[in-house]
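Atoms within a ligand are numbered from 1 in the order they appear, just like the ligands themselves. Please read these numbers as outputs of a predicted model, since none were measured by experiment.
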Amino acid sequence: MRVDSISGTNHMSNARMQVPLLDLRQQLSQIREPLRIAIDEVVDSTRYIGGPKVEELEQAIAGYVGSRHAIGVSSGTDALLVSLTALGVGPGDLVLTTPYSFFATIGTISRLGATAVFVDIDPATYNLDPYQLRQWFDKNSADAGRVKAIVPVHLFGQCADMVPLLDLAQARGIPVVEDAAQAIGASYDWNGERRHAGAMGTIGCYSFFPSKNLGAMGDGGMVVTDDAQLAERVRCLRNHGAHPKHRHALVGGNFRLDPLQAAILRVKLDHLEEWHSERQANAAYYDEHLRLPGITTPSPRGERRDHVYNQYVISVSSDRDGLRSWLTTSGIGTEVYYPVPAHLQPCFASLGYTEGCFPHSEYAAEHSLALPIYPELTTEMQDYVVERLTERLTGQAPASPAETV
Ligand SMILES: Cc1ncc(COP(=O)(O)O)c(C=O)c1O
């Protein structure tokens, strides 16, 4: 249920309202009691590695996203690492992905000794553009045989355009690893059928970093797949590659999900759809009220329910950083996701990319700004964000701003 005001909180200072980018205290107050019970159960069980809490969450996530197998792991980064390892990605291989993502997407490819090859984003959605992907194959037929995986990212909570992407991958027999770290619960219209982010490709990866829509109280992640053999390899890799105990056909690591985190996540999972709806309502409110010169609001592909708005990212045509400072001074939290695209990161200089290689990603890095979108944001808080943006961008207060001081 959308809240119109929160009494007893300290968002309103004498001078101005405070609107943080994320405030997990509001969520905590809704579920504190079931969380306490779930945590106590783990504590009292003395089962602190693996066990029924992890298995229960794995089954619940598999059911929720429509995947046959789910394997809890230690983080979204490790979900990517074990998925790519399970697919045999290693030195000499190429992995196609987007340069506009959180570092882990590309870092894990590089850590395995493979070469990340970038394809630019669709500027409307910030996601890997399947048409440019096709062009890459058309122009690089000599290298196509070395492509060991394609890694689309469902950035900010919206699915990449998976039908053309998977058509292309399947025609070439290339596995697709979905980086769904930010998009658990996002759905995609698959020729009339609704499919979940992470459950469309060969293998999918989720992050439970606390700021994600389904966030742990620490680190956590999950791998999903319909492929039983791949699932078995991931299960094995997350525990040093041991199967059975002390027998190692594979070299894995300690990539296990903690049962305390699993128990917490299981409680939160029951609220996830409601939290998505609240994020979507908040996004719709911004869309309606932020028709302002100099900014563009996000462009959800297809129906609104596709997008679960882990982030609500606007594009600011000029002086993004000036606008950001103005909002900070006004007590409004924002973030830049991501200020430097991967192809311009110093650690990837050896890949040989330069400025201008991926203009859409570079533009996004320079112009995008995330606004507060979390489920418990009140209308009053959103009105304040709208008011401050309107004042900065038009020099006027909006027609019907909330009283904020
Ligand atoms: C797109 C993307 N990929 C991977 C990750 C890595 O997840 P984690 O922080 O759980 O390791 C994140 C998390 O921030 C992410 O946003």
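- Every residue was checked against the salt bridge (Lys or Arg N to Asp or Glu O under 4.0 Å) condition with Lys212, not counting sequence neighbours, and none meets it.
- Asp383 and Tyr285 share a donor-acceptor pair across their side chains, judged by distance under 3.5 Å alone.
- Residues satisfying the salt bridge (Lys or Arg N to Asp or Glu O under 4.0 Å) criterion with Arg392, sequence neighbours excluded, are Asp319.
- Atom 3 (N) of ligand 1 has as its closest protein heavy atom Asp179 OD2, 2.8 Å.
- For ligand 1 and Lys212, the ligand atoms under 4.0 Å from any heavy atom of the residue are 12 (C), 13 (C), 14 (O), 16 (O).
- In terms of modelled atom types and a separation under 3.5 Å, the side chain of Glu178 and the main chain of Gly201 share a donor-acceptor contact.
- In Val153, the part holding a heavy atom less than 4.0 Å from any atom of ligand 1 is the side chain.
- For Gln311 and Glu335, the side-chain atoms include no donor-acceptor pair closer than 3.5 Å.
- Ion pairing between a basic and an acidic side chain is recognised when a charged N comes within 4.0 Å of a carboxylate O; Arg134 and Asp129 show no such pairing.
- Shortest contact from atom 2 (C) of ligand 1 to any protein heavy atom: Ala181 CB, 3.4 Å.
- Among protein heavy atoms, the minimum distance from atom 5 (C) of ligand 1 is reached at Phe102 CD2, 3.6 Å.
- Nearest protein neighbour of atom 16 (O) of ligand 1, counting heavy atoms only, is Gln182 NE2, 2.8 Å.
- Every atom of ligand 1 with a heavy atom of Gly76 under 4.0 Å away is listed here by number and element: 6 (C), 7 (O), 8 (P), 10 (O), 11 (O).
- Using a non-hydrogen distance threshold of 4.0 Å, Gly221 does not register as a contact of ligand 1.
- Atoms of ligand 1 lying under 4.0 Å from any heavy atom of Thr105, numbered from 1 in the order shown and given with element: 3 (N).
- Distances below 4.0 Å separate heavy atoms of Ser101 from the following atoms of ligand 1: 1 (C).
- Among Tyr206, Tyr188, Tyr64, the single residue meeting the ring pair (Phe, Tyr, Trp, His ring centres under 6.0 Å) criterion with His196 is Tyr64.
- Contact check on Arg266 versus Glu41 returns no salt bridge, with no Lys/Arg side-chain nitrogen under 4.0 Å from an Asp/Glu carboxylate oxygen.
- The Thr77 neighbourhood of ligand 1 comprises atoms 6 (C), 7 (O), 8 (P), 11 (O), with distances under 4.0 Å to a heavy atom of that residue.
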